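Before any comments, here is the structure.
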Amino acid sequence: MWIKSGRGDYDAEKTRTALARTLNITARDGGQLVGCLRILTDGCFFGTITELLVLPAYQRRGIGSRLLQLAGAHTPTLLYFGAQPGAEAFYEKNGCRRSLPSFTLGPQAPGTP
């Protein structure tokens with residue numbers, strides 16, 4: 001089974017495994033998941049936001065901003081992350097500071113060229 005998102009298709013079993021290994025902060029409208037932020041951290045020195053996703057119909061309602069606030073309040077480390085091109089202003093508006101450039105190494109995520 002595959003899970004469809006705006007950023008590609010994800011295998012359901014791999015998604016369950018990944019979610020079990022990260023700190024997950026979610027936003028819901030009733031029972032419907034409308035946003036999530038995932039953090040991978042060692043709990044002491046390093047943390048990274050792996051994904052911040054909000055359904056398109058729920059964007060521009062402050063959900064992503066609130067998820068970032070909760071991440072900052074509930075993570076014992078600085079959080080390092082990359083931003084999608086064009087999203088930099090959103091992060092800066094929410095108090096995030098530009099830092100080191102990021103790089104990638106390894107296989108491509110499902111659904112990416």
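Predicted, not measured: the structure shown is a model, and the values here were computed from it.
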What are the two closest non-hydrogen atoms of [X] and [Y], and how far apart are they?
| X | Y | answer |
| --- | --- | --- |
| Gly43 | Pro76 | O-CG, 3.3 Å |
| Phe90 | Gly64 | CZ-C, 3.7 Å |
| Val34 | Ile63 | CG2-CD1, 4.2 Å |

Could you check whether any side-chain heavy atom of [X] comes within less than 4.5 Å of a side-chain heavy atom of [Y], counting everything from C-beta outward?
| X | Y | answer |
| --- | --- | --- |
| Thr22 | Ile39 | no |
| Cys96 | Phe81 | yes |
| Asp42 | Thr77 | yes |
| Leu52 | Leu67 | yes |
| Phe46 | Leu40 | no |

Has the side chain of Arg61 got a donor or acceptor atom that lies under 3.5 Å from a matching backbone atom of Ala57?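 The answer is yes, because a donor-acceptor pair under 3.5 Å joins these two groups.
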Closer than 3.5 angstrom, by distance alone: can the side chain of Gln32 be matched with the main-chain N or O of Gly30 as a donor-acceptor pair?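 Such a contact is absent between Gln32 side chain and Gly30 backbone.
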Going through the distances and angles, do Leu23 and Thr75 end up as a side chain to side chain contact (heavy atoms under 4.5 Å, CB included)? CA-CA 9 Å; Leu23 172 63; Thr75 305; 4.1 Å; yes
How many angstroms lie between CG in Leu37 and CG in Leu68, if you round to the nearest 0.5 Å?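 Leu37 CG to Leu68 CG: 6.0 Å, rounded to 0.5 Å.
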Would you give the length of the straight line joining atom CG of Asn24 to atom CD of Glu51, rounded to the nearest 0.5 angstrom?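 Result: 9.5 Å between the selected atoms.
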Please name all residues satisfying side chain to side chain contact (heavy atoms under 4.5 Å, CB included) with Leu70, sequence neighbours left out, ordered by chain then number.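 Listed in chain order: Ile25, Arg66, His74.
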More than 12 heavy atoms of other groups within 6.0 Å of Tyr80 OH: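 Count not over threshold, so no.
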I'd like to know if Glu92 pairs up with Arg97 as an ion pair, taking the criterion as any Lys NZ or Arg NE/NH1/NH2 lying under 4.0 Å from an Asp or Glu carboxylate oxygen.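 So Glu92 does not pair with Arg97 through a salt bridge.
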